[in-house]
Amino acid sequence: MSFSQLGLTATLIKALSAQGYKEAYPIQLQAIPAILKGKDVLGIAQTGSGKTASFVLPILQQFQSKPTTKNRFIKALILVPTRELAVQVGDVFKQFAEAMPRKVKAMSVFGGASINTQMMNLQGVEILVATPGRLLDLVDANAMNLSEIDILVLDEADKMLNMGFKDEMASVFKLLPEKRQNLLFSATLGKEINNITEILLHNPVKIQVEEEQQNLDLITQQCYHVTEDRKGPLLRYLIKEQDMKQVLVFASSIHRADGVVEKLKKHGIEAAAMHSKKSQGARTDALANFKSGKLKVLVATDLASRGIDIQFLPHVINYELPRSPKDYIHRIGRTGRASSAGTAISLVSEEEEHHFSVIEKKMGKKVAVTETNELDLKGY
Ligand code: AMP
């Protein structure tokens, strides 16, 4: 269905079409009209479903009729679990805010970057995207005020809880006015999410999208049976022989990610690791270089990869399988997004074969297997 039936203004619809958004995604179809009506929303959706635009667009539209706010009084607050997601969500706000007649300043704040610079830049900000810890630091420093928030968004709420932000989130809620609109997005439902939902949301419109099915059809999945000690050479063989230009590799731990990067570099393949032990600067640089095509290989852990939004990522490789089928689907969902086809390759050792069959069962899909015993990997 097109965006014009959802109650968005002509200006936004023009901006959407200029950005290549032709049809609304399922989450957008349901969330946009509900948010425009001022309803609370519970959205069960993952990265890749189009959830960001589903709240960014109606929020920007709501701002068109809001008077300009007092300086340093934030009107819309978006809480996110990671720095990367903060930047991405902030970028989507900026991308569409530019097109709007009433100018709205959006900004992202997160830890690991200079708080002083952030404090100075908060001047005139009405929409703030923030990780919980840094947000509280800024409140403590009297850099802004949250008592006039109209709309609160919790993005990837399950991840925020998994990352241990429960107390920080509770402290933030205490700073907000009672009357406001609340939107909560989460990839999964569970006891903790239900608790927050009950405290936070009033008669929410519940939206659940089956992102898995939607994306899986676009992804060519392959499985390579390989012994543990030949995974490194096989990875380099695939990158070289298939002439991969941009590949996201998943490793099971920080240590493994660093090891894979080191070996790739030794063999002349430019690579960088993306995990929580890397400094903010290193992560931002790695992501920017990877996005621009300067860096061929990014090796990430599940946690760090969450929320990385790269359009048209052609290759994802599981160096090791993730623990849960959900994480597998989430990983491979990085390719085959926004209607472009991609390939997801899993390097599966004998010990992992049973686990892979569990993943296949959960997906309802069998993945083609290539045996590599006979493959000559000398020199890779
Ligand atoms: P998200 O789930 O918000 O991370 O969005 C996933 C990707 O889909 C992003 O790269 C968006 O730019 C893109 N996207 C979101 N909605 C649409 C749409 N309606 N049409 C085309 N691309 C979209």
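Numbering of ligands and ligand atoms starts at 1, following listing order.
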Which of the atoms in ligand 1, numbered in the order shown and given with their element, are less than 4.0 Å from a heavy-atom of [X]?
{"X": "Thr52", "result": "1 (P), 3 (O), 4 (O)"}
{"X": "Phe3", "result": "19 (N)"}
{"X": "Glu23", "result": "18 (C), 19 (N), 20 (N)"}
{"X": "Gly50", "result": "1 (P), 2 (O), 3 (O), 5 (O), 15 (C)"}

Query raised in the report: Only one of Gln221, Lys362, Glu360 clears side chain to side chain donor-acceptor pair (under 3.5 Å) with Tyr328; which?
Result: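 For Tyr328, the side chain to side chain donor-acceptor pair (under 3.5 Å) check succeeds only for Gln221.
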
**Report entry** Sidechain N-carboxylate O distance under 4.0 Å for Glu352, Lys231
**Finding:**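 Yes, this pair counts.
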
Query raised in the report: If you measure from the Lys or Arg side-chain nitrogens to the Asp or Glu carboxylate oxygens, is any gap between Lys265 and Glu270 under 4.0 Å?
Result: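 So Lys265 does not pair with Glu270 through a salt bridge.
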
Query raised in the report: Which pair of non-hydrogen atoms, one from Leu29 and one from Ala24, has the smallest distance, and what is that distance?
Result: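 Smallest heavy-atom distance, with atoms named: CD2-CB, 3.9 Å.
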
